[in-house]
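Remarks on the structure that follows.
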Number of protein chains: 2
Amino acid sequence: MTALQLFFKESHQLSQTDLSFIVNHFETISVDKGTVLIEPGTIVDSVYFIAEGLLHHFNHNQQGEKITLDLHDGPSFCTDIESFSEGKKSEDYCVALTDCTLYVLTKDKYDALINTDVKWSNIAKDIIEKNLIKMLDQVKDMSNKSIEQRYLELLKNKPLIIQNTSVADIASYLGTSRETLHRIRRKNILA
Amino acid sequence: MTALQLFFKESHQLSQTDLSFIVNHFETISVDKGTVLIEPGTIVDSVYFIAEGLLHHFNHNQQGEKITLDLHDGPSFCTDIESFSEGKKSEDYCVALTDCTLYVLTKDKYDALINTDVKWSNIAKDIIEKNLIKMLDQVKDMSNKSIEQRYLELLKNKPLIIQNTSVADIASYLGTSRETLHRIRRKNILA
DNA sequence: TTGTTAGTGTGTCATTTGACACAGTTGTTG
DNA sequence: CAACAACTGTGTCAAATGACACACTAACAA
């Protein structure tokens, strides 16, 4: 059973027939570290399911500084939903931090699923809802926790992300400078 | 036509029959300023559509300080989706900042709609998706814009929210102290 | 009306942070 | 291997921020 099948099976009751029907709409790809999946000015026409590897989702702020929006690991979905769903040009980058194995669902196949299969419509709703809850939790964390606390939790819960991402990129993800993050790291190595 | 009907009509193609069927699952209520709709320790069993008025969504951080998570105006939906959807106890408050007219959809009626009407399932997906995009934009704003810039945009786009919310609550929404927000306000009054 | 409570405006001051500068390290590529 | 680029670690310093304190005002209830 593939990582994708496992993901659907664990979150939803589905017969093997339904599972196969849905999964057959996806295509498997392997990409090298550094591969650009999304770049500004393009319309995102795919959803990516990460079976293996890490993706770096970022953009540039008004001062031209690179800002990390998300650091994705698997098993989970990744796309620029605003571009994918509303057909707008993306303003973001999504780049592979490591070699990755991905399952790709293109927009036409996504629409075909939505329109023909009520089960998929509900699964899509649940996946979007889980992502909404994740974002709400992230906003709460940003308001409620210190940068140090969030760094230490990231280190504990997602060590692979820390290992494969530069200090500067993690700093911008946490909303601080690389110098401040460095002070936190130094303090916690010595402690 | 009610604010709720108008909201659905503008975002989705629906026959008058479908529209009435869906809207009939809601109940209208009027609540006074200060009414508590959600409080910690309870399981949220309703979604609220704001036809008129403002709602204040907040919680307390680890230091016991009040943190504003969202300031809602209409026409839009408001709930604690994590509690409503996953049946967890809420950790948040939701309180009316002004007298409000609300349309309430209870969880059993929501489930009934999801299970009987494919159209509603897709509408729910779209509403959740729009909220996800809104949250993603908020996270981008928090990373990309200064507190001053975000305050001035709030003042311009949602003046009613500024008028009906205390400086301390707006400050915690913007992620700063009431003193710092006060400095920003003073500076921009004089300018 | 008066007392009480919540909120606003403001100054001072210690702390934290970001900006800048630069040396050392690692990794890549011809 | 040598050269270069990218990143890390670090110190200094000015600026921004939060904490604290307190007077003043508005809203509300007794």
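Note on naming: letters A, B, ... go to the chains in the order of the sequence lines (proteins, then strands), and numbering restarts at 1 for each one.
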Atom [atom1] of [X] and atom [atom2] of [N]: how far apart are they, to the nearest Å?
{"X": "Ile162(A)", "N": "dC7(D)", "atom1": "CD1", "atom2": "P", "result": "16 Å"}
{"X": "Ile67(B)", "N": "dG18(D)", "atom1": "CD1", "atom2": "C1'", "result": "13 Å"}
{"X": "Lys187(B)", "N": "dA15(D)", "atom1": "NZ", "atom2": "P", "result": "15 Å"}
{"X": "Glu148(B)", "N": "dA15(D)", "atom1": "CD", "atom2": "C1'", "result": "15 Å"}
{"X": "Gln163(A)", "N": "dC7(D)", "atom1": "CD", "atom2": "C1'", "result": "17 Å"}
{"X": "Lys33(B)", "N": "dC28(D)", "atom1": "NZ", "atom2": "P", "result": "6 Å"}
{"X": "Asn164(A)", "N": "dG27(C)", "atom1": "CG", "atom2": "P", "result": "13 Å"}
{"X": "Ile184(A)", "N": "dT8(D)", "atom1": "CD1", "atom2": "C1'", "result": "16 Å"}

Is there any protein nitrogen or oxygen under 3.5 Å from a nitrogen or oxygen in nucleotides 9-11 of chain C, and what are the pairs?
unit_1	atom_1	unit_2	atom_2	d
dG9(C)	OP2	His182(B)	ND1	3.4
dG9(C)	N7	Arg178(B)	NH1	3.4
dG9(C)	O6	Arg178(B)	NH2	2.8
dT10(C)	OP2	His182(B)	NE2	3.3
dG11(C)	OP2	Arg186(B)	NH1	3.0

Check whether any side-chain nitrogen or oxygen of [X] sits under 4.0 Å from OP1 or OP2 of [N], and answer yes or no.
{"X": "Ser166(B)", "N": "dG7(C)", "answer": "no"}
{"X": "Thr176(B)", "N": "dG18(D)", "answer": "yes"}
{"X": "Thr180(B)", "N": "dG18(D)", "answer": "yes"}

Distance-only donor-acceptor pairs under 3.5 Å for side chains of residues 29-49 of chain B, two or more places apart:
unit_1	atom_1	unit_2	atom_2	d
Thr35(B)	OG1	Asp32(B)	N	3.3
Thr35(B)	OG1	Asp32(B)	O	2.6
Thr42(B)	OG1	Glu39(B)	O	2.6

Hey, can you tell me if His60(A) and Phe58(A) have their rings parallel, tilted or perpendicular (30° and 60° cut-offs)? perpendicular
Where does the angle between the aromatic ring planes of Phe26(A) and Phe77(A) fall among parallel (under 30°), tilted (30 to 60°) and perpendicular (over 60°)?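 It falls in the tilted class, 30° to 60°.
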Nearest-nucleotide wise, let me know which of Asp169(A) and Ile147(B) is further upstream toward the 5' end of DNA chain D. Asp169(A)
Could you check whether any side-chain N or O of Thr180(B) sits under 3.5 Å from a backbone N or O of Thr176(B), counting only pairs where one atom can act as donor and the other as acceptor? no
Distance-only, no hydrogens or angles: does the Ser143(B) side chain make a donor-acceptor pair with backbone N or O of Val139(B) under 3.5 Å?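 Yes, Ser143(B) side chain to Val139(B) backbone: donor-acceptor pair under 3.5 Å.
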Determine whether more than 12 heavy atoms belonging to other residues, nucleotides or ligands lie under 6.0 Å from atom NZ of Lys119(A). no
Mark yes when over 12 heavy atoms from residues, nucleotides or ligands other than Glu148(A) sit less than 6.0 Å from its CD; otherwise mark no.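 Yes, enclosed.
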